[in-house]
Amino acid sequence: QLQASGGGLVQAGGSLTLSCAASQFILGTMGWYRKVNGAERELVATIARDGTTNYADFAKGRFTISRDNADDTIYLQMSNLDPEDTGVYYCIRRRLDGYLYWGQGTEVTVSS
């Protein structure tokens, strides 16, 4: 089970940090997806257990994903937020065969 938190309302240009705690040991990759403006869910960032990261282009330079393997928690530090970042952010874990487990979303609202 993946428990996401940290969403909320922030002004444009502001920062927000999301966290996601897993209820069990996670060997594989964890990460974040988001659903914005009624579009399909899209990848935000992922992080492997060894710390290898991957970011969507829109996240590079503004978002930082990190991971605490001691308690299987990941974080997404978001800065310089834009109203277009408004949406629901989902924590995921990716099984070694690529299957995704989804946590519940946390809402992020960026006001202009």
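In terms of modelled atom types and a separation under 3.5 Å, the side chain of T106 and the main chain of G7 share a donor-acceptor contact. Although no hydrogens or angles enter the test, the distance criterion places no donor-acceptor pair under 3.5 Å between the side chain of N37 and the main chain of A39. Y90 contributes no side-chain N or O that, together with a main-chain N or O of A4, makes up a donor-acceptor pair within less than 3.5 Å.
Annotation for M30 and C91: closest pair CE-SG, 4.3 Å, computed over non-hydrogen atoms. Heavy-atom minimum distance, L76 versus A45: CD1-CB, 4.4 Å. For the residue pair A22 and L2, the shortest heavy atom distance occurs at CB-CD2, 3.8 Å. In this structure, K35 and R41 approach most closely via the heavy-atom pair CB-CG, 4.1 Å.
Taking CD of Q77 as the start and CD1 of I65 as the end, the distance is 10.5 Å to the nearest 0.5 Å. Atoms CZ and OG1, from R94 and T29 in turn, are 4.5 Å apart once rounded to the nearest 0.5 Å. For the atom pair CD of E84 and OG of S112, the computed distance is 11.0 Å after rounding to the nearest 0.5 Å.
Side-chain contact between V44 and F63 is present, with at least one heavy-atom pair separated by less than 4.5 Å. With a 4.5 Å cut-off on side-chain heavy atoms, I47 and W32 do not count as touching. Counting heavy atoms from C-beta outward, L18 and I74 have side chains that stay 4.5 Å or more apart. Within the 4.5 Å cutoff, the side chain of Q24 has no heavy atoms near those of the Q1 side chain.
Listed by chain and number, the residues in a side chain to side chain contact (heavy atoms under 4.5 Å, CB included) with L43 are Y33, T46, N54 (sequence neighbours excluded).
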Worksheet item: Can you check side chain to side chain contact (heavy atoms under 4.5 Å, CB included) on L9 and S111, steps first, answer last?
Response: CA-CA 7 Å; L9 174 64; S111 63; 4.2 Å; yes
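In this structure, Y101 belongs to a hydrophobic cluster whose other members, linked by side-chain heavy atoms under 4.5 Å apart, are Y99.
Of the candidates R49, R93, R67, D72 forms a side chain to side chain donor-acceptor pair (under 3.5 Å) with just one, namely R49.
Look at E42 and R34 and you find a salt bridge, because one of the NZ, NE, NH1 or NH2 atoms lies within 4.0 Å of a carboxylate O, short of that distance. The pair D85-R62 counts as a salt bridge, with a side-chain nitrogen and a carboxylate oxygen less than 4.0 angstrom apart.
No path of Ile, Leu, Val, Met, Phe, Trp and Tyr side chains, each step under 4.5 Å between heavy atoms, connects V88 with V108, placing them in separate hydrophobic clusters. Note: the hydrophobic cluster containing Y89 also contains L16 (ILVMFWY, side chain heavy atoms under 4.5 Å, direct or indirect links). Under a hydrophobic-cluster definition in which Ile, Leu, Val, Met, Phe, Trp and Tyr are linked whenever side-chain heavy atoms come within less than 4.5 Å, directly or via other members, V110 and F58 are assigned to the same cluster.
Q11 CD: 12 or fewer foreign heavy atoms inside a 6.0 Å radius.
Side-chain contact of T109 with T86: a donor-acceptor pair under 3.5 Å is absent, judged by distance alone.
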